Amino acid sequence: MKIGIIGAGNIGGNLTRRLTALGHDVSVANSRGPQTLKALAEETGATPVTVTEAARDAEVVVITVPVKAVPDLPSGLLDGAAPGAAVIDTGNYYPRERDGRIAGIEDEGLTESRWTERQIGHPVVKAFNGTFAQDILERPRPAGDPDRMALPVAGDDEAAKRRVRDLIDALGFDTVDAGGIDDSWRQQPNTPVYGLRAGVDAVTGALAEASPERTPEFRG
Ligand SMILES: NC(=O)c1ccc[n+]([C@@H]2O[C@H](COP(=O)([O-])OP(=O)(O)OC[C@H]3O[C@@H](n4cnc5c(N)ncnc54)[C@H](OP(=O)(O)O)[C@@H]3O)[C@@H](O)[C@H]2O)c1
């Protein structure tokens, strides 16, 4: 499958490693340009590209940049993606540590991923946001393994969500359907499921226990 990854840091780099190892045709971009991605390209066989090129013909696009950088992404970023492309949003809003105050999230009460959708003009599937980057490399397990971790996945486009869940299964993790993007506060930072290394039952329980309250340390 053709996959475009925008952001080549902790998460983008490790997804590039694992998805190329599964045989996918991966293009990867960062903010500084493809000439800075030679080492990752040599290591993985991924194609380094500009951000504008990353989504071209892709059936899956991963946006894995700091939330504060989302408005800087070029407009029409997803225009050249394959029809019905699934766009994965791994982002987390850290207003105090990194992102600054974002009015759409704070004042309008949008979930972080709904805000991101509005910035990029395309529906997203929220996945990997509560997964430690290193776990993508170190914790895959075969289906049925009692230690297999489960990841929550939220999205409004059921076909796109299915494609993402199938991809995560191939990467070595179970998934739990965490509802639509308006429900995705249940997996944002500071919720019980965020960073939880556990299987389907515990992840399902943690999603159910979440509170929509945004505590002061997670407010801008
Ligand atoms: N780290 C984790 O374990 C983890 C886990 C789950 C979710 N997340 C979330 O996933 C997102 C990415 O996290 P990360 O830790 O992978 O971040 P990171 O290591 O800081 O990497 C960010 C990447 O985004 C690129 N970038 C920044 N601005 C950009 C722009 N305007 N256009 C294109 N690329 C741009 C950077 O490019 P340059 O390299 O050129 O600067 C870099 O490759 C964040 O929202 C984070 O909260 C992180």
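We count residues from 1, following the sequence as given. Just so you know, ligand 1 is whichever comes first in the structure, and atom 1 is the first atom listed for that ligand. In this text, all values refer to a predicted model and were calculated from it rather than measured experimentally. All heavy atoms count here, side chains included; hydrogens, waters and symmetry mates do not.
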Enquirer: Scan the side chains in residues 65-77 for donor-acceptor partners under 3.5 Å anywhere in the protein, sequence neighbours excluded, and list what turns up.
Expert:
none

Enquirer: How far is atom 46 (C) of ligand 1 from the closest protein heavy atom, and which atom is that?
Expert: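 Here the nearest protein heavy atom works out to R98 NH1, 3.6 Å.
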Enquirer: Counting heavy atoms only, which of I6, V65, T64 comes nearest to atom 44 (C) of ligand 1?
Expert: V65
Enquirer: Please list every donor-acceptor pair under 3.5 Å in which a side-chain atom of residues 163-177 meets a protein atom from a residue at least two apart or in another chain.
Expert:
unit_1	atom_1	unit_2	atom_2	d
R163	NH1	E59	O	2.8
R165	NE	T175	OG1	2.8
R165	NH2	T175	OG1	3.3
D166	OD1	R162	NE	3.3
D166	OD1	R162	NH2	3.2
D169	OD1	R148	NH1	2.8
D169	OD1	R148	NH2	3.3
D174	OD1	R148	NH1	2.7
D177	OD1	K161	NZ	2.6
D177	OD1	G179	N	2.9
D177	OD2	K161	NZ	3.3

Enquirer: Considering only the protein, which heavy-atom contact is closest to atom 4 (C) of ligand 1, and what is its distance?
Expert: I11 CG1, 3.5 Å
Enquirer: So which protein heavy atom does atom 8 (N) of ligand 1 come closest to, and at what separation?
Expert: N92 ND2, 3.6 Å
Enquirer: Is it true that K126 and E117 have a side-chain N and a carboxylate O under 4.0 angstrom from each other?
Expert: no
Enquirer: Are the side chains of I120 and I63 in touch, meaning some heavy atoms are under 4.5 Å apart?
Expert: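 A side-chain contact exists here, since the closest heavy-atom pair is under 4.5 Å.
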Enquirer: Counting both backbone and side chain atoms, is some N or O of Y94 under 3.5 Å from an N or O of ligand 1?
Expert: no
Enquirer: Just need the protein heavy atom nearest to atom 27 (C) of ligand 1, so name the residue and atom and give the distance.
Expert: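 Its nearest protein heavy-atom neighbour is P66 CD, 3.8 Å.
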Enquirer: Starting from atom 3 (O) of ligand 1, find the nearest protein heavy-atom neighbour and note its residue, name and distance.
Expert: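 Answer, as residue, atom name and distance: A133 N, 3.0 Å.
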Enquirer: Does the distance from a Lys or Arg side-chain N to an Asp or Glu carboxylate O, for R114 and D156, drop under 4.0 Å?
Expert: yes
Enquirer: Is it the case that E53 and T50 place a side-chain donor and acceptor less than 3.5 Å from each other?
Expert: yes
Enquirer: Taking S184 for the side chain and G180 for the main chain, is one N or O donor matched with an acceptor at less than 3.5 Å?
Expert: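 Not at all, since once roles are kept as given, no pair shorter than 3.5 Å links the two residues.
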Enquirer: Can you report which non-hydrogen protein atom sits closest to atom 33 (C) of ligand 1, along with the distance?
Expert: V51 CG2, 3.5 Å
Enquirer: Looking at non-hydrogen atoms alone, which of G9, S31, A8 comes nearest to atom 35 (C) of ligand 1?
Expert: S31
Enquirer: Where does T131 meet ligand 1, judged by heavy-atom distances below 4.0 Å: at the side chain, the backbone, both, or neither?
Expert: backbone
Enquirer: So, T111 versus D182: side-chain donor-acceptor pair below 3.5 Å or not?
Expert: no
Enquirer: What residue and atom, counting heavy atoms only, is the protein's closest point to atom 39 (O) of ligand 1, and at what distance?
Expert: R32 NH2, 2.9 Å
Enquirer: Starting from atom 6 (C) of ligand 1, which protein heavy atom do you reach first, and at what distance in Å?
Expert: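 For atom 6 (C) of ligand 1, the nearest protein heavy atom is N129 O, 3.0 Å.
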